[in-house]
Q: 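Below: one structure in structure tokens.
Note on naming: letters A, B, ... go to the chains in the order of the sequence lines (proteins, then strands), and numbering restarts at 1 for each one.
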2 protein chains.
Amino acid sequence: MPSDPVGFEKHDHGACISEAMATAEAHCRAKGLRFTPVRRKALGLLLQAHRAIGAYEMLDRLRDAGFGSQPPVAYRALDFLVANGFAHKIERLNAFIACAHPGASHSPAFMICRICESVAEAHSSPARGALGEAARATGFRIEQTVVEAEGICPACVDKADT
Amino acid sequence: MPSDPVGFEKHDHGACISEAMATAEAHCRAKGLRFTPVRRKALGLLLQAHRAIGAYEMLDRLRDAGFGSQPPVAYRALDFLVANGFAHKIERLNAFIACAHPGASHSPAFMICRICESVAEAHSSPARGALGEAARATGFRIEQTVVEAEGICPACVDKADT
DNA sequence: CAGCACTTGTCATGTTATTTCATTTCTTGT
DNA sequence: ACAAGAAATGAAATAACATGACAAGTGCTG
């Protein structure tokens, strides 16, 4: 099980998909959540894509798979996945990506390549760092954080420098 | 000149507006940028509001002020302000806010109150912290960061606890 | 098996953002 | 001063992202 903080490396994608699905399955069983076909399919599509997917792209694929064709179909499935930590929303892209560390409650941080649009997930520590300091100094109670870096991924840096 | 990292405190709002406008004015003069009426008005409106403003709310006000009524009017003005560091986009809100530290090149971080929707700006240090570490470890080249915390501001915490 | 909570499908609408092109304004080089 | 080029504006159209509301179906629970 890859628990490293980033995701630009190559890996056994098939295995990572089945693992993530199994984790979600188990989590839902444990929590009494209904991992319905449309939700399962949505997570599968996110994992398969291995990149950030817009809600309407998701909708297209769900429709192709025989599910409903109206936006709420996609948004509801994605909301479920996000709410339960199986996926994250990338605010910068208005898009969604499968969680790289499902199960673990965490504050994700993302690195977004502006060339190839790949996205890697890392952990952030809201409490530490400048933001946590500012929050403590002012009495702000942090509930959730969005941390996204835009730039160039290793592969594209190599290409650009060549 | 308030250079403290946060913005939940009371302050002389009139003075802070004129200062910010003057700073922008000077910056544009120095860089040969055209600080046109619509851009000036947009910045004034952001400063006046002292909160995050959606593009269409900005558009309404610009139209009321006699400018064009089509979305690009607002988006172009806002893009100019953001590009030149006079304003920031809050991704979480799809809204824009005047920069609290204009002139200084910086990586802003924001604290967003989910009760009263106030927004405070702090500095972040992308290079340090978990994100910078992950970037160095993988070879990701950070160009820009989005750091936004959602939670409860001091004033609303007090209210909630009462 | 009745009642309830939850999920799904669909229609309708609301919100945010961009593309395109013609026109005007400003700046620059001569 | 003036022509050429760059930048900004106005306006129309459209694209992309997201939610509200309601009826019908599903599965659990008493």
Q: Between C/dA5 atom C1' and A/L33 atom CG, what is the distance in whole Å?
A: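 Nearest whole value for this atom pair: 14 Å.
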
Q: Between the side chains of B/H88 and B/E121, is a donor N or O closer than 3.5 angstrom to an acceptor N or O?
A: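 Distance-only check passes for B/H88 and B/E121.
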
Q: With respect to the phosphate group of D/dC17, does any side-chain polar atom (N or O) of B/N94 fall under 4.0 Å of OP1 or OP2?
A: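 It does not, given that no N or O in the side chain of B/N94 lies less than 4.0 Å from OP1 or OP2 of D/dC17.
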
Q: OP1, OP2 of D/dC17 versus side-chain N and O of A/K89: anything below 4.0 Å?
A: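 It does not, given that no N or O in the side chain of A/K89 lies less than 4.0 Å from OP1 or OP2 of D/dC17.
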
Q: I need the CD-P distance between A/E57 and D/dA18, as an integer number of Å.
A: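 Result: 13 Å.
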
Q: Starting from C1' on C/dT24, measure out to CZ on B/R34 and report it in whole angstrom.
A: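 Nearest whole value for this atom pair: 10 Å.
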
Q: Find the distance A/L62:CG to C/dT7:P and express it as a whole number of Å.
A: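 About 16 Å, once rounded to whole Å.
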
Q: How do B/T36 and A/P71 order along DNA chain D: which one's closest nucleotide is nearer the 5' end?
A: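 Nearer the 5' end of the strand: B/T36.
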
Q: Rounding to an integer number of Å, can you tell me how far B/K41 NZ sits from D/dA8 C1'?
A: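 Result: 19 Å.
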
Q: Rounded to the nearest Å, what distance is computed from the CZ atom of residue B/R40 to the P atom of nucleotide D/dT9?
A: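 To the nearest whole Å, that distance equals 12 Å.
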
Q: Below the 4.0 Å mark, does D/dA7 have OP1 or OP2 next to a side-chain nitrogen or oxygen of B/R76?
A: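 Result: no.
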
Q: What nucleotide, of C/dT19, D/dT19, C/dA17, holds the atom closest to the side chain of A/P72?
A: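 Nearest nucleotide to the side chain: D/dT19.
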
Q: Any salt bridge between A/E25 and A/R40, counting N to O under 4.0 Å?
A: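 A/R40 and A/E25: salt-bridged.
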
Q: Would you tell me if any nitrogen or oxygen in the side chain of B/R39 comes within less than 4.0 Å of OP1 or OP2 on D/dA8?
A: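 Yes, B/R39 has a side-chain N/O under 4.0 Å of OP1/OP2 on D/dA8.
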
Q: Does B/F80 or A/A55 map to a spot on DNA chain D nearer the 5' end, using the closest nucleotide for each?
A: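 Result of the comparison: B/F80.
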
Q: How long is the line joining CG of A/D60 and P of D/dC17, in whole Å?
A: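 Taking CG of A/D60 and P of D/dC17, I get 11 Å after rounding.
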
Q: Without swapping roles, check the side chain of B/R39 against the backbone of B/L81 for a donor-acceptor pair under 3.5 Å.
A: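 It does not hold such a pair.
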
Q: Ion pair present between B/R63 and B/D60, side-chain N to carboxylate O less than 4.0 angstrom?
A: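 Yes, this pair counts.
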
Q: Looking at A/E117 and A/R51, does any basic side-chain N land under 4.0 Å from a carboxylate oxygen?
A: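 No.
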
Q: Does A/Y56 lie flat on the base of D/dC17, that is, centres under 5.5 Å apart and planes under 30° off?
A: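 It does: the two rings, one from A/Y56 and one from D/dC17, meet the stacking criterion.
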
Q: So B/R63, base contact, sugar-phosphate only, or nothing? Heavy-atom distance under 4.0 Å.
A: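 B/R63: no heavy atom of the nucleic acid under 4.0 Å.
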
Q: Measure CG/A/L78 against P/D/dT19 and give the value in whole Å, please.
A: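 The answer, rounded to whole Å, is 11 Å.
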
Q: Taking the nucleotide of DNA chain C with the closest heavy atom to each, which residue, A/S69 or B/F96, is nearer the 5' end?
A: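 Counting from the 5' end, the first nearest nucleotide belongs to A/S69.
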
Q: Counting only side-chain nitrogens and oxygens, does A/Q70 get under 4.0 Å of the OP1 or OP2 atom of C/dC11?
A: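 Yes, because at least one side-chain N or O of A/Q70 sits under 4.0 Å from OP1 or OP2 of C/dC11.
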
